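Report on the structure given below.
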Amino acid sequence: MSYKVLIANRGEIALRAIRACKELGIKTVSVYSEADKDLKHLRFSDETVCIGPASPTQSYLNIPAILSAAELTSANAIYPGYGFLAEDHNFAEMCEKSGFKFIGPASETIQKMGDKITAKTLAEKSGIQIVPGYKDEIPSDNNEFKKIARDIGYPIMIKATAGGGGRGMRVVEKEEDLISHAEITMQEAKNGFGNETIYLEKFIGNPRHIEVQIVGDGKGKAIHLGTRDCSMQRRHQKIIEEAPALNINQEALNKTLIACVDLCKEINYEGVGTIEFLYEDNQFYFIEMNTRIQVEHPVTEMITGFDLVKAQLRIALGMPIELNQDDINFNGHSLECRINAEDPDNFQPSPGTITKMHTPGGFGIRYDSHIYGGYKVPPNYDSLLAKIITQANSRSSAIKRMLSALDEFFIEGIKTNHPLHQRILHDDTFKENKHTINYLENEFLKK
Ligand code: ADP
């Protein structure tokens with residue numbers, strides 16, 4: 001059977017998907033907005049369709065326009081990438097109902113895992129440790145509510161079950177603020193997500209962000225591809241990621257990896273996914289599951305040799321795939337630096353035309369990017385320009401290789417966070433792998 005996949009995304013992930021499709025002999029259709037007619041991947045796609053104006057709501061989030069493009073080009077399947085509609089269960093369901101295979105898990109799975117209380121409940125059932133807290137209905141009696149919070153212990157976090165993208169969360173330091181903060185969070189959740197349900201979690205003070213990559217065939221078979229450490233972040237946005245996560249308690253790790261695979265088997269998970277944890281004092285605490293490919297997937301690919309995007313396509317299209325845990329071997333260490341179009345000092349977006357640039361290369365260096373000299377970075381989308389990825393025998397060698405790659409890399413015409421990466425990679429706390437999720441904002445940027 002011949003396959004044709006519509007790529008419902010833009011930028012580097014659209015290019016990544018086309019490369020994987022080409023290797024598998026799959027034809028591609030790329031959709032683009034009016035602001036994106038010069039995107040690199042459009043030149044490599046078999047067909048292209050303009051789906052609307054620059055504004056994401058009128059293009060990359062415009063479900064009828066995307067489904068019409070799929071219909072028009074007789075695509076069989078839709079690849080969502082990350083961001084945009086990748087975790088929108090309504091979109092997945094509409095694809096299914098319109099006869100297009102959504103490349104990802106079933107819409108019900110996306111829905112279940114997108115609801116944080118349901119996700120926590122399912123995770124706990126499979127033996128995954130969750131953040132201590134309270135996920136039943138909040139009592140209407142304020143004194144009862146205060147007692148629940150006191151039992152968890154301050155500071156606590158109020159979270160909206162429908163929250164996402166760092167929104168719908170609030171830290172409460174002391175009892176006086178509990179009721180008012182809960183009311184505000186509920187109101188924001190109602191307005192932002194159409195669901196005012198909230199729950200409580202203990203606030204984990206100074207953790208690392210550790211995540212587990214999993215792959216499932218949708219028929220009850222699942223494996224893990226180890227861990228990633230994404231603790232170097234600013235405002236919950238990851239900046240540097242690495243695999244594997246080092247200095248982790250072996251017993252807690254083994255237990256967590258088994259429980260993650262069990263969860264995926266339990267829910268017949270189809271495709272690739274990531275289970276995210278906060279890690280503190282040798283304990284893993286589940287925070288959420290992302291039911292899609294992640295930006296940082298290359299670091300896992302580099303140490304395992306396992307192509308996660310090809311796996312997504314194979315599983316969705318029913319092509320043969322071997323998913324045996326014993327076949328997965330981990331080699332050395334990999335790092336990824338996200339190069340963003342932003343001012344390295346004040347983090348303001350910096351769209352515009354790239355007048356000149358040079359990309360890095362060499363042994364153990366991978367460069368995933370859609371940009372080129374003369375390309376105009378539009379102001380309408382995420383600021384990610386390029387991912388520089390290195391792999392080497394050890395973490396310290398991967399860091400040195402990254403510094404060499406960053407030396408070769410330059411972009412002129414717009415500002416990027418390139419100098420910030422160079423500073424971080426020379427930082428002792430980073431080199432010693434002692435940073436937590438708070439380090440960049442609370443210490444490093446204040447130096
Ligand atoms: P979202 O779906 O909005 O990304 P997450 O549940 O993944 O929300 O949380 C986003 C970030 O918020 C985490 O990476 C972490 O930095 C912080 N966070 C979430 N829950 C807690 C908690 N209980 N204690 C401390 N920080 C937390």
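Since the model is a prediction, treat every value here as computed from it, not as a measurement. Order of appearance sets the numbers: ligands from 1, and atoms from 1 within every ligand. Values below: every heavy atom of this structure, side chains too, minus hydrogens, waters and symmetry copies. Residue numbers start at 1 and run along the sequence shown.
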Location of contacts on Ile204 toward ligand 1, heavy atoms closer than 4.0 Å: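 The answer is both.
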
Qualifying residues under side chain to side chain contact (heavy atoms under 4.5 Å, CB included), relative to Gln250, sequence neighbours excluded: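 If we apply the side chain to side chain contact (heavy atoms under 4.5 Å, CB included) test to Gln250, skipping adjacent residues, the hits are Leu253, Asn254.
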
For [atom], which candidate among [options] provides the closest heavy atom?
{"atom": "atom 23 (N) of ligand 1", "options": "Lys202, Gln233, Lys120, Met289", "answer": "Lys202"}
{"atom": "atom 9 (O) of ligand 1", "options": "Gln237, Met169, Arg167, Glu87", "answer": "Met169"}
{"atom": "atom 1 (P) of ligand 1", "options": "Lys238, His236, Lys116", "answer": "Lys116"}

Find all atoms of ligand 1 within a distance of less than 4.0 Å from any non-hydrogen atom belonging to Phe203, and give their numbers and elements.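 What qualifies from ligand 1 is 24 (N), 25 (C), 26 (N).
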
Could you list which atoms of ligand 1 come closer than 4.0 Å to a heavy atom of Leu278?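 Answer, ordered by atom number: 15 (C), 21 (C), 22 (C), 24 (N), 25 (C), 26 (N), 27 (C).
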
Any chance you could measure Asn417, atom CG, to Gln422, atom CD, to the nearest 0.5 Å?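 Answer rounded to 0.5 Å: 10.5 Å.
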
What residue and atom, counting heavy atoms only, is the protein's closest point to [atom], and at what distance?
{"atom": "atom 14 (O) of ligand 1", "value": "Ile287 CD1, 3.8 Å"}
{"atom": "atom 3 (O) of ligand 1", "value": "Gly166 N, 2.4 Å"}
{"atom": "atom 21 (C) of ligand 1", "value": "Met157 SD, 3.3 Å"}
{"atom": "atom 7 (O) of ligand 1", "value": "Glu288 OE2, 2.9 Å"}
{"atom": "atom 20 (N) of ligand 1", "value": "Lys159 NZ, 2.8 Å"}

Assess the side chains of Glu443 and Thr429: does a donor N or O sit below 3.5 Å from an acceptor N or O?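 Looking only at side-chain atoms, Thr429 and Glu443 do not form any donor-acceptor pair under 3.5 Å.
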
Val131, any N or O under 3.5 Å of ligand 1 N or O: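 No, no N or O pair falls under 3.5 Å.
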
I want to check something: taking the side chain as every heavy atom from C-beta on, are Phe91 and Phe84 in contact at a cut-off of under 4.5 Å?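 Phe91 does not reach Phe84 side chain to side chain.
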
Is the backbone N or O of Gln283 less than 3.5 Å from a side-chain atom of Asp281, with the two atoms forming a donor-acceptor pair by type?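 Checking the backbone N and O of Gln283 against the side chain of Asp281, no donor-acceptor pair under 3.5 Å is found.
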
Could you tell me whether a side-chain N or O of Glu87 sits under 3.5 Å from a main-chain N or O of Thr291, the two making a donor and an acceptor?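 Side chain of Glu87 to backbone of Thr291: a pair is present.
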
Salt bridge or not between Lys238 and Glu211? Use side-chain N to carboxylate O under 4.0 Å.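 Yes.
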
Cation-pi geometry met for Arg395 and Phe430 (6.0 Å, 45°):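 Yes, Arg395 and Phe430 form such a contact.
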
